[in-house]
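For reference, the structure is listed below as structure tokens.
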Protein chains: 2
Amino acid sequence: MQQDEPGRPEEQATATEAGGALYRRVAADLREAISTGAYGEAGRLPAEGALAEQYGVSRGTVRQALAVLRADGLVTSRRGTRRVVLGNARVQSFSELLSFTHWARSMGEEPGGRLESLLRRPADAAECEQLRLEPGAEVYVTLRLRTLSGAPVMVERTIYPPHVGVLVAQLPADVVSHTEHLREHGILFTDADHTIDVVTANGDDARLLGCRRGAPLLRERRRTTDPTGRPVEWSQDRYLPGTVAFSVHNSLATSALSRHARADD
Amino acid sequence: MQQDEPGRPEEQATATEAGGALYRRVAADLREAISTGAYGEAGRLPAEGALAEQYGVSRGTVRQALAVLRADGLVTSRRGTRRVVLGNARVQSFSELLSFTHWARSMGEEPGGRLESLLRRPADAAECEQLRLEPGAEVYVTLRLRTLSGAPVMVERTIYPPHVGVLVAQLPADVVSHTEHLREHGILFTDADHTIDVVTANGDDARLLGCRRGAPLLRERRRTTDPTGRPVEWSQDRYLPGTVAFSVHNSLATSALSRHARADD
DNA sequence: CGGGCGAAGTTGGCTGACCAACTTGACCAC
DNA sequence: GTGGTCAAGTTGGTCAGCCAACTTCGCCCG
């Protein structure tokens, strides 16, 4: 039943940085197939065994690929029945979340930025805690206005530890993407914790974003670490309402999002 | 060694449904060990092989357990080096996100709720789309005020498809947790898509929450499905600022969060 | 015609094994 | 010292196989 594509063991994998790992290629292929509707809106996927044979890999590898899709909320999965297609793809991508520039470009908008201030000063207690520094260490503090196609949408306050800050400090003020430059200098961003809430605009926010003082802003705070677990930035972004929304998927299997009381720091 | 608890195959295990699966128990044990600081703040975990021997399981099972911790942002993981402890535990838990009641209780607060209205009416186009219903199907619409220790914090507007709505409709108005009651009636919540942004309070919001009209509220919209992929609710929660914050972890490996332009529905 | 039972199909979970890719640190040559 | 090389340690990825738990559906019996 159903046209198997007999002589297509595996191959090409096209765009998206062709993940070298087999299971990534399988996952990418399945994601593609799902998003083009090959299995229908709420259709059922082939059995793991069938997929394994189709791709010429072991069932374990197929399961690894399916775990990726499940984590992305593309398919369900429960014992006893075939997997069911849940939704049609999601934008996802770690870098889109991390880098304003990357995110903007992926939407076809032109990102802009203006460095308002950059200074070096001793870290306070909270900053030492977040960036895991010894008391008295110096941090670099930046304040930037971010724009989409010229219109201001976000104010970004970032605190860098010394080893990252020195690199940021010597960057020209008109560099659009700090993240990309830092990557080229060996600073990698791999893990991030985000907290999202609402705050009111202070004087700086109002002046830069062109809103009233006290106007509501959507705030995203994040602490980012490199592969070794060392903090590389602690940032606070304040968005004008209506410009962004944050979106998450979670399931009983893989939950990453949580709701907190606002008693934090 | 140390596989203690000989006569405790599985069971109750405190709140969080202690998964009977081996890898879940290993994950829970490691989570506990990490949060008590057994490996230090930024310390290194034992090698997979060592853990496997320690727990008397195969390395594959240990890897499965570690994948859970990695997804929760507790440890890093890269080829060549031991895993590094990232942060001290996180509240997580799917049900805390899903159920206001569950979340409140986990914080030691007393959740309350008052059903403001419940009506049945034909679904509009957007609702049919979200709940995957045929045009003209009837939906159940509820409006509830949610409180923490008596103080109003959130207004919840939920739209249920017929098969769930009929159950909700016959619930007493003073039932605190709809979710738990529905679970007892065989309605399971397993997957959810969330979108978080800022909106302004309308007349109903202002009256119920005791804020000004036009005051900013943190909005969470979610669509929840059961294990078969069938939508079971489409809800919109509006929180008073300062009462909650949403928190997410993501990494290059597992990304679930994304940032969108606010052009949606 | 309805309901219960059982078999087939399917995913969850676990094991043991193997190799590749990468990191780290020690050692050695310059 | 300085720098390069090498070996050991560790995680990533893949495979093949086995059993348990669960869902579905058809069949049979009352």
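Quick note on labels: first sequence line is chain A, next is B, and so on, each numbered from 1.
Nucleotide dA20(D) holds its P atom 14 Å from the CG atom of Leu22(B), rounded to whole Å. Atom OH in Tyr23(A) sits about 16 Å away from atom C1' in dC15(D), given to the nearest Å. Between the CG atom of Leu66(B) and the P atom of dG13(D) there is a distance of 14 Å, rounded to whole Å. Rounding to whole angstrom units, CG of residue Asp226(B) and P of dT23(D) are separated by 12 Å. Distance Glu48(A) CD to dC22(D) C1': 14 Å, rounded to the nearest Å.
The side-chain heavy atoms of Val168(A) and Tyr140(A), taken from C-beta on, include no pair separated by under 4.5 Å. Looking only at side-chain heavy atoms (C-beta outward), Leu30(B) and Tyr39(B) come within less than 4.5 Å of each other. For the pair Leu167(A) and Tyr160(A), the minimum side-chain heavy-atom distance is 4.5 Å or more.
Residue Arg230(B) qualifies as open at atom CZ: its count of foreign heavy atoms under 6.0 Å is 12 or below. For Glu138(B), the CD atom is densely surrounded, since the number of other residues' heavy atoms within 6.0 Å is greater than 12.
With Thr76(A) contributing its side chain and Gly229(B) its backbone, the two residues share no donor-acceptor pair below 3.5 Å. Between the side chain of Arg223(A) and the backbone N or O of Gln130(A), at least one donor-acceptor pair lies under 3.5 Å.
The nearest heavy atom of DNA chain D to Ala47(B) and to Arg59(A) marks one nucleotide each, and the one closer to the 5' end goes with Ala47(B).
In terms of phosphate contacts, Arg79(A) brings no side-chain nitrogen or oxygen within less than 4.0 Å of OP1 or OP2 of dA20(D). The side chain of Arg83(A) contributes no N or O atom lying less than 4.0 Å from OP1 or OP2 of dT23(D).
In 5' to 3' order, the nucleotides of DNA chain C bounding all contacts with chain B (an atom under 4.0 Å from a heavy atom) are dG13(C) to dT24(C).
Side chains of His249(B) and Asp72(B): a donor-acceptor N/O pair is absent below 3.5 angstrom, by distance only.
How far CD of Glu48(B) is from OG of Ser77(B): 8.0 Å, rounded to the nearest 0.5 Å.
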Provide a list of protein-nucleic acid N or O atom pairs under 3.5 angstrom, restricted to nucleotides 24-27 of chain D.
unit_1: dT24(D); atom_1: OP1; unit_2: Arg78(A); atom_2: NH2; d: 3.2

